[in-house]
Structures are given as structure tokens and as C-alpha cells.
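Start at 1 with the first residue, then count along the sequence.
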Amino acid sequence: AAANSDNIFFTIGSSNIRKSEDAKLVKLAEFMKANPDFTVAVVGYADKATGNAAVNLRISEKRAKNVMKRLVALGIAAERITVDHKGDTVQPFEQNDKNRVIICTLR
């Protein structure tokens, strides 16, 4: 069964993990350490209102890779993390600024 953890939101034009969002990754890593059977799918997005499609694809990839790097730094084996990015081709939320996001799905 898959379950979403908290979504990780980003500042416009940035792939850096905000301090406020980092706490969510710390919590996710703690959960994964306590539950070694779980893996996580990390998918990066970007909103359509800013940047062009090529820029948004790159930034969504950087966001996803930065989340993976942070989870690895927190002690999660890279083999337990899959990474994907969608740029602005998919808009998960109706509110545009919310689409600057990483969605982490536990499996």
C-alpha cells in the first residue's frame, strides 16, 4: 500500500530545501529507519506560471535529487529511494504556487 508523507514545498525558482521543510524530511527518515521495509518514491514538480518548460523540468529534477541527497545524508540507503521529475507537465494542486513541490510516496 502506498501512502503520501508530507509534501516538501520550494521557494519560486529554487531547488534548495527550506529549513521549515527539512523537518519533514527528518521525520520521514526517522519513519523509514523504524520501518526498514518501506521505500519512498520522490517526484519533483514545478508550477507553470514561472519559467519555461525546459527550465521547469530541470528545476523539478534538482528538487527531487536534493530531497534524495538529504534523505541519504539522514541515513537512508539510496536503494530505498526512487527519484522522478515531471517539470510543469503535471500540476498536482489547483493553487499554482503549491505546484513547486516534491511529493514523497511511501511504498
Handout entry: Hydrophobic cluster membership, Ile103 vs Val42, 4.5 Å side-chain cutoff
Key = no

Which side-chain N or O atoms in residues 8-15 pair as donor and acceptor under 3.5 Å with protein atoms at least two apart or in another chain?
unit_1, atom_1, unit_2, atom_2, d
Ser14, OG, Asn16, N, 3.0

Handout entry: Verify same cluster id: Val90, Leu57 (apolar side-chain graph, 4.5 Å)
Key = no

Exercise for the section: Drop me the distance from Thr39's OG1 to Ile81's CD1, to the nearest 0.5 angstrom. Expected result: 9.5 Å

Problem - Leu25 vs Leu71 side-chain heavy atoms within contact, under 4.5 Å - result: yes

Handout entry: Reported CD-to-CG distance for the pair Glu61 and Asn66, which is rounded to 0.5 angstrom
Key = 10.5 Å

Exercise for the section: Could I get the full list of side-chain contact (heavy atoms from CB on, under 4.5 Å) partners for Val55, not counting sequence neighbours? Expected result: Asn52, Arg58

Handout entry: Distance (rounded to the nearest 0.5 Å) between Asn7 CG and Lys98 NZ
Key = 9.5 Å

Exercise for the section: Taking Lys86 for its side chain and Ser60 for its backbone only, find out whether a donor-acceptor pair lies under 3.5 Å. Expected result: no

Problem - Gap separating the CG atom of Leu28 from the CD1 atom of Ile76, nearest 0.5 angstrom - result: 7.0 Å

Problem - Min side-chain heavy-atom separation Arg70-Val67 under 4.5 Å - result: no

Exercise for the section: Indicate yes or no for a side-chain donor-acceptor contact from Lys48 to the backbone of Asn99 under 3.5 Å, with no hydrogens or angles considered. Expected result: no

Practice task
Enter the distance from Thr105:OG1 to Phe38:CZ here, rounded to the nearest 0.5 Å.
Solution key: 12.0 Å

Problem - Cluster check Ile102, Phe93: I/L/V/M/F/W/Y, side chain < 4.5 angstrom - result: no

Exercise for the section: Could you please spell out the steps behind the salt bridge (Lys or Arg N to Asp or Glu O under 4.0 Å) verdict for Glu21 and Lys24? Expected result: CA-CA 6 Å; Glu21 301 299 295; Lys24 297 175 184 178; 2.9 Å; yes

Problem - Pairwise side-chain contact, His85 with Lys65, heavy-atom cut-off 4.5 Å (strictly under) - result: no

Completion exercise
Nearest heavy-atom approach of Ala64 to Val83 is CB-CG1, 3.5 Å

Handout entry: Counterpart residues, side-chain contact (heavy atoms from CB on, under 4.5 Å), relative to Asn56 (two or more places apart)
Key = Ala46, Ile59, Asp88

Problem - Heavy-atom neighbours of Lys27 NZ exceed 12 at 6.0 Å - result: no

Problem - hydrophobic_cluster_shared for Met32 and Met68, side chain cutoff 4.5 Å - result: yes

Exercise for the section: Would you mind reporting whether Gln91 and Asn96 have side-chain heavy atoms less than 4.5 Å apart? Expected result: yes

